Amino acid sequence: MIAIMMETALTRNSLSELSINLEALAANYHFLAEQSAPSECAAVVKANAYGLGLRAVTRTLEKAGCKTFFVATLDEGLALRNITKKIIYVFAGVTEETNLTFAEASLRPVLNSIQQVKLWNSKGPAAFHLDTGMNRLGLSKKDFLELSVGIANGTTVKPTLILSHLACADEPGNDLNFQQLKTFQELHPTPQSYPRSLSASSGIFLGPQYHFEMVRPGYALYGGNPTKNRPNPMSPVVNLKAKILQCREVARGESVGYGATFRSDKRRQIATIAIGYADGYSRALAQTAYVVINGILAPVAGRISMDLISVDITGIEGVKPGDWAEIIGSTISVDDLANCAGTIGYELLTALGPRHKRIYIGANI
Ligand SMILES: *Cc1c(COP(=O)(O)O)cnc(C)c1O
């Protein structure tokens, strides 16, 4: 197992370490590809591969067999084009200003409106995004039927992919899944004319009827649980630890941190740890989260500062400055920590911040 440390001027003497396990990432890709076979398994690497590093993640997925990538914006597409020659789709689609840049970089826009289809017409391969009920991006059913007439009579160029997105894929019992599936099936019942893609991470686990010709997971690749409220079938990819800077005793009645929101009910030991909201450790984690020190849970005490948190280590033996605290790891998953903050792991990952030393495990990047 090779580990590569990514150092910048900002992380040379870092007090926190973010390890990204590329072997687990590859294993997750293989697992999702298996689950959705014989459909193609593409990968969503928007937002710097969910904060984990576009280059390392893309190289790993390429090696694992991934042939198609999705990003959100043109700039992300251009950055990705410098890393891979594989197929790249851009969810945001084209504008008059960006049309040529797409074509020059061989990026495939995901066209979301009739106007975008007209703008792009015959500049190269592109996908159509069909809105089946999320009402966010995409062609309406009416727009799509209008374009289908154009495709049939040769005035509109055929898309290389038709995609749609599920609003409630993480709730298997939600009726909207079935409605969206039906709409998607009805509009182009056979794959003969163009391949179709409906499912992201969670949709893959709704069953084979949701797979069509291509699936496009993001979150599950990075170790997040695509099956909410059930055991996570994915391998953890992210590990985050931070250093203890100081240990102190507080007397009964004394407070800890901004706003004096934590008041000690007795004599307690407090450790101050070098991570804060500037590192993605949200202020919403005050009062709900914990870290792991020497294998024992230590609850957060008081407010989260920009660079620091305080945790209650009363009863944990032998803790000293320089020791590591697990922030995300074998005890606290990304989903656990996000839950504590009242958010989802997606937001947590993409907010991790630039101050962590990044270590890529299993890397040949
Ligand atoms: C982000 C995104 C995905 C990936 O979703 P995950 O839940 O992370 O798997 C797929 N399709 C679209 C349109 C997206 O915006």
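Counting starts at 1 for both ligands and their atoms, following the listed order. Residues take their numbers from the sequence shown, with the count starting at 1. Everything numeric in this text was worked out from a predicted model, so none of it was measured.
Between the side chain of N21 and the main chain of E23, a donor-acceptor pair closer than 3.5 Å is present. Remark: the backbone N or O of S14 is not paired with any side-chain donor or acceptor of T11 at under 3.5 angstrom.
Between L25 and L221, the shortest heavy-atom contact is CD1-O, 3.3 Å.
Annotation for ligand 1: atoms under 4.0 Å from non-hydrogen atoms of P217 are 9 (O).
Of the protein's non-hydrogen atoms, the one nearest atom 9 (O) of ligand 1 is S201 OG, 2.5 Å. The protein atom (non-hydrogen) at minimum distance from atom 5 (O) of ligand 1 is A200 CB, 3.3 Å.
Using a cutoff of 4.0 Å between basic side-chain nitrogens and carboxylate oxygens, E7 and R12 are scored as salt-bridged.
Between A220 and ligand 1, not a single N/O pair is under 3.5 Å apart.
Residue-level proximity to ligand 1 for M134 is absent, since no heavy atom of it falls below 4.0 angstrom.
By heavy-atom distance, the residue among K46, R136, R216 lying nearest atom 11 (N) of ligand 1 is R216. Ranked by closest heavy atom to atom 7 (O) of ligand 1, the top entry among Y50, Y346, Y219 is Y346.
Within 6.0 Å of CD on E347 lie no more than 12 heavy atoms contributed by other residues, nucleotides or ligands.
Ring-plane geometry between W120 and F102 is classed as perpendicular, the angle between the planes exceeding 60 degrees on a 0 to 90 degree scale with a lower cut at 30.
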